[in-house]
Amino acid sequence: MVEFYSSHCPKCIVLENLMKQKGIEYKYIDNSNIYMPIAEENNIMSMPFAKVDGKILNTKELQNYIMEV
């Protein structure tokens, strides 16, 4: 399952819709108290990002993952 970290930005909405279309199961996390420390620890500078199979994916990596599924 994908842990999807979102700030409700336009890119977040687009990628969430793509995951829904592809049938990707995900847990939606929009609490900044949860995602900000993860973003800082992993040098993530933009939203959204995700955790997939224990690996943190930035926006572009997440988009590539979604498109390959």
Side-chain angles (χ1 to χ4, degrees):
M1 178 183 292
V2 173
E3 289 183 13
F4 181 66
Y5 300 96
S6 170
S7 64
H8 303 281
C9 69
K11 285 183 184 178
C12 296
I13 294 166
V14 168
L15 292 185
E16 181 183 15
N17 287 334
L18 281 173
M19 286 193 295
K20 286 178 183 177
Q21 290 173 7
K22 294 269 192 165
I24 297 170
E25 290 186 37
Y26 63 94
K27 178 180 177 183
Y28 191 87
I29 302 164
D30 63 351
N31 183 330
S32 64
N33 292 324
I34 295 172
Y35 68 65
M36 284 305 292
I38 297 168
E40 290 172 6
E41 182 178 310
N42 291 279
N43 296 319
I44 301 292
M45 301 295 175
S46 64
M47 297 298 283
F49 66 97
K51 186 176 192 178
V52 180
D53 297 328
K55 182 179 177 188
I56 300 295
L57 304 180
N58 65 28
T59 303
K60 186 172 184 171
E61 292 167 332
L62 175 58
Q63 183 175 358
N64 290 339
Y65 169 81
I66 293 168
M67 298 311 287
E68 291 173 3
V69 170

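Keep in mind it's a predicted model, so treat the numbers as computed, not measured. If you read the sequence from its start, that first residue is 1, and numbering goes on from there.
Between the CD1 atom of Ile44 and the CG atom of Leu62 there is a distance of 10.0 Å, given to the nearest 0.5 Å. For the atom pair CG of Leu57 and NZ of Lys51, the computed distance is 11.0 Å after rounding to the nearest 0.5 Å. To the nearest 0.5 angstrom, Glu25 atom CD is 14.0 Å from Lys20 atom NZ. Note that CE of Met36 and CG of Asn31 are 11.5 Å apart. Values are rounded to the nearest 0.5 Å. Atom-to-atom distance recorded for Ser6:OG and Phe49:CZ is 10.0 Å, nearest 0.5 angstrom.
Hydrophobic clustering keeps Met47 apart from Leu15 (ILVMFWY residues linked when any side-chain heavy atoms are closer than 4.5 Å, directly or through intermediates). Side-chain heavy atoms closer than 4.5 Å link hydrophobic residues (I, L, V, M, F, W, Y) into clusters, and following such links, even through other members, never connects Val2 to Ile56. Criterion: ILVMFWY side-chain heavy atoms under 4.5 Å apart, direct or through other members. Under it, Tyr5 and Tyr26 are not part of a common hydrophobic cluster. Linking ILVMFWY residues whenever their side-chain heavy atoms come closer than 4.5 Å, directly or via other members, places Val52 and Ile24 in the same cluster. Side-chain heavy atoms closer than 4.5 Å link hydrophobic residues (I, L, V, M, F, W, Y) into clusters, and following such links, even through other members, never connects Ile34 to Met45.
Judged by distance alone, with hydrogens and angles left aside, the side-chain atoms of Thr59 form a donor-acceptor pair with the main-chain N or O of Pro48 at under 3.5 Å. Judged purely by atom type and a 3.5 angstrom limit, Asn58 uses its side chain to pair as donor or acceptor with the backbone of Lys60. With Lys27 contributing its side chain and Phe4 its backbone, the two residues share no donor-acceptor pair below 3.5 Å.
By the 6.0 Å contact criterion, CG on Asp53 is open, its count of non-hydrogen atoms from other residues, nucleotides or ligands being 12 or less. When the shell of 6.0 Å around CE of Met1 is examined, it contains more than 12 heavy atoms from other residues, nucleotides or ligands.
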*Quick one: do Tyr28 and Glu3 satisfy side-chain hydrogen bond (donor to acceptor under 3.5 Å, both in side chains)? Show the steps, please.*
CA-CA 6 Å; Tyr28 191 87; Glu3 289 183 13; over 6 Å; no

